[in-house]
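Written below as structure tokens is the structure these notes are about.
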Amino acid sequence: MSSISIDLTNSDTRTALSERVNSYVSSEKRNLIGLDRQELAATLVEAGIPEKQARMRASQLWQWIYWYGHTDFSAMSNIAKPLRVLLDEKFTLDRPETLEEQKSEDGTRKWLFRFPPRGAGNPVEVETVYIPESDRGTLCISSQVGCTLTCTFCHTGTQKLVRNLTAEEILMQLIVARDRLGDFPHKDAQGDGFIPEGDRKVTNIVMMGMGEPLYNFENVKKALLIASDNEGLSLSKRRITLSTSGVVPGIARTGDEIGCMLAISLHATNDTLRDEIVPINKKYPISQLLNACRTYPGVSNARRITFEYVMLKGVNDSLQDAKELVRLLKGIPAKINLIPFNPWPGSQYECSDWGQIEKFADFVNANGYASPIRTPRGRDILAACGQLKSESERLRIKDREAINAMHAMVAGHGE
Ligand code: SAH
Ligand code: SF4
């Protein structure tokens, strides 16, 4: 029996603890978060720091920003005072406005961030969710506001793409989570102040929030490379999972250029059904998608690909589907995440019966694939990646309350 035990009955009755978090006021100054090392050095040169110093200064700053989590230039004790003043005049490390922080009784947390407009347009709101488990803490990060794709079971798919998030905005989701969870050492220059992986709250990140990360490749790549930099946020690439609906040309690039773990939103075992429920399949059919998985750079038994499979009653949940799934994945080091479908207002599907999900899981498991069933988490705070809405399209509270968590699939990723 592969599935973990799950209690769907009492999670909705839990009380939520909602708290308004002090918001940092965004300033007009340039934020240094989200620049790679070279850009950081070039930005310092532009600000008047001599070129031969710039790399060294960038390195020092990098450590203060990403390792220690400082927001205050004046505390950066190994940087000369006049330079600290200059940095403070020109730059900022402000966090985004945090409209809301909610804590679930099961430890799940959800933040609602507001990012300022980029060029013309409105501010955007983005939700980020943290899910603690006994052996890890996983942060679910968004890559876009809305999505250009229209998977029929996904609430995000009903919202047009508002815009891509910048590298800064993608990283901020991780940085504020670390701020709020106490995951930054905030030490002065004494000692290295490093928090070992085992003592951190955020041990894993998954690009499974709103949007298709491979349609915002450059920003996602930049953010993930900064997140995995050893002199900074130091997340192991094996603990970073990028989920795609199947943008085939981006898959090899993800392995080559980012080197993180891969998750594929498969959800169907034949092209006819997948064309319907994951429409990008019309462009990149299952055979092409699985070929890209077979040759994913770095794939091995120790670095398996996760296949996400949402359980839709009477649509894709038969034993025949399970059989076909096993046949399709033959030869690919894989694990399968079975995700109970989370309904939302107006959705046309039902979640498969629990007994059917278990039968499906048992079959897949008996054929050699780990096939955990994801437990919905944080339902009392509606910790649902799929309902992230821009200001203009935000759901009414009542609607939000009717939506179940889509975070079922988030937990359990990476090492
Ligand atoms: N766009 C990317 C990543 C974000 S979605 C992708 O599609 O992979 C993260 C996962 O949640 C995907 O596997 C997606 O198919 C799944 N999902 C979306 N809506 C869901 C719902 N209502 N119930 C359960 N899982 C859902
Ligand atoms: Fe976009 Fe992923 Fe939702 Fe499909 S499942 S609509 S790709 S966010």
Side-chain angles (χ1 to χ4, degrees), residues 8 126-129 131 138-162 164-165 170 173 205-217 220 240-248 250-251 254 260-268 274-284 289 293 305-313 315-317 335-352 357 373-377 379 382-389 402-413:
L8 290 168
V126 169
E127 269 177 319
T128 304
V129 177
I131 297 158
T138 305
L139 192 72
C140 177
I141 294 181
S142 296
S143 56
Q144 299 183 309
V145 181
C147 189
T148 52
L149 301 172
T150 53
C151 303
T152 50
F153 52 85
C154 174
H155 195 246
T156 305
T158 64
Q159 191 202 349
K160 286 204 176 91
L161 177 73
V162 177
N164 281 337
L165 293 177
I170 295 167
Q173 298 172 60
I205 58 179
V206 292
M207 298 304 298
M208 289 190 185
M210 197 178 196
E212 170 48 60
L214 296 187
Y215 279 156
N216 184 15
F217 188 83
V220 166
I240 300 177
T241 303
L242 182 151
S243 173
T244 178
S245 57
V247 182
V248 167
I251 290 179
T254 301
C260 62
M261 308 294 280
L262 181 69
I264 300 285
S265 295
L266 190 62
H267 307 317
R274 199 163 188 271
D275 281 351
E276 183 190 321
I277 67 176
V278 186
I280 198 182
N281 195 69
K282 292 184 201 143
K283 201 163 178 190
Y284 306 112
L289 177 59
C293 293
I305 294 174
T306 301
F307 288 87
E308 294 152 282
Y309 197 93
V310 62
M311 298 301 290
L312 304 172
K313 186 174 185 170
V315 176
N316 66 354
D317 63 350
K335 56 187 166 197
I336 297 156
N337 270 359
L338 298 178
I339 313 169
F341 169 64
N342 290 304
W344 36 274
S347 60
Q348 49 175 309
Y349 303 106
E350 278 176 68
C351 181
S352 307
I357 301 180
I373 304 168
R374 287 290 152 228
T375 323
R377 295 289 303 267
R379 284 191 153 195
L382 306 158
C385 267
Q387 305 86 52
L388 320 179
K389 289 277 162 177
I403 297 167
N404 281 328
M406 204 182 83
H407 272 97
M409 62 289 169
V410 162
H413 279 281

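Order of listing sets the numbers, starting from 1, for every ligand and every atom in it.
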**OP:** For F153, check ring pair (Phe, Tyr, Trp, His ring centres under 6.0 Å) against everything at least two apart and list the hits.
**Re:** H267
**OP:** Answer with side chain, backbone, both or neither: which part of T156 has a heavy atom less than 4.0 angstrom from an atom of ligand 1?
**Re:** neither
Subject >> ring pair (Phe, Tyr, Trp, His ring centres under 6.0 Å) partners for Y309, two or more places apart >> reply: F360
Original post:
What atoms in ligand 1 come closer than 4.0 Å to a heavy atom of F341?
Top reply: 21 (C), 22 (N), 23 (N)
Subject >> For T244, the ligand 1 atoms whose distance to one of its heavy atoms is below 4.0 Å >> reply: 6 (C), 8 (O)
Original post:
In Å, rounded to the nearest 0.5 Å, how long is the span from CE of M207 to CE of M261?
Top reply: 16.0 Å
Original post:
Under 4.0 Å from ligand 1, counting heavy atoms only, is it the side chain of N342, its backbone, both or neither?
Top reply: both
Subject >> salt bridge (charged side-chain N to carboxylate O under 4.0 Å, His left out) pairs, two or more places apart, involving residues 341-352 >> reply: K313-E350
Subject >> For I339, atoms of ligand 1 separated by under 4.0 Å from a heavy atom >> reply: 24 (C), 25 (N)
Subject >> Where ligand 1 meets W344 - atom numbers and elements under 4.0 angstrom, heavy-atom basis >> reply: 22 (N)
Original post:
In Å and rounded to the nearest 0.5 Å, what is the CD to CG distance from E276 to N281?
Top reply: 11.5 Å
Subject >> Whether N316 side chain and V310 backbone form a donor-acceptor pair below 3.5 Å >> reply: yes
Original post:
At a 4.0 Å threshold, what atoms of ligand 1 neighbour a non-hydrogen atom of C154?
Top reply: 18 (C), 19 (N)
**OP:** Using atom types as modelled and distance alone, determine if a side-chain donor or acceptor of N216 lies under 3.5 Å from a backbone N or O of L165.
**Re:** yes
**OP:** Tell me which part of F153 gets within contact of ligand 1: side chain, backbone, both or neither, using heavy atoms under 4.0 Å.
**Re:** both
**OP:** Using heavy atoms and a cut-off under 4.0 Å, could you grab the residues that are in contact with ligand 2, chain by chain, numbers ascending?
**Re:** C147, L149, C151, C154, G157, G211, S245
Subject >> Inter-residue atom distance I251.CD1 - Y284.OH, 0.5 Å rounding >> reply: 9.5 Å
**OP:** Measure the CE-CG distance between M210 and L161 for me, rounded to the nearest 0.5 Å.
**Re:** 9.0 Å
Original post:
Between S265 and ligand 1, does any nitrogen or oxygen pair lie at a separation below 3.5 Å?
Top reply: yes
**OP:** Using non-hydrogen atoms of the residue, decide whether G157 is closer than 4.0 angstrom to ligand 1.
**Re:** no
Original post:
From I264 CD1 over to L242 CG, what is the distance, rounded to the nearest 0.5 angstrom?
Top reply: 9.0 Å
Subject >> Spacing of CE belonging to M208 relative to OG1 belonging to T244, to within rounding of 0.5 Å >> reply: 11.0 Å
**OP:** Please verify whether a non-hydrogen atom of G211 lies at under 4.0 Å from ligand 1.
**Re:** yes
Original post:
Evaluating non-hydrogen atoms only, which member of E308, M210, E212, H267 is closest to atom 15 (O) of ligand 1?
Top reply: H267
Original post:
Just by distance, with hydrogens left out, do E212 and S143 show a side-chain donor and acceptor under 3.5 Å apart?
Top reply: no
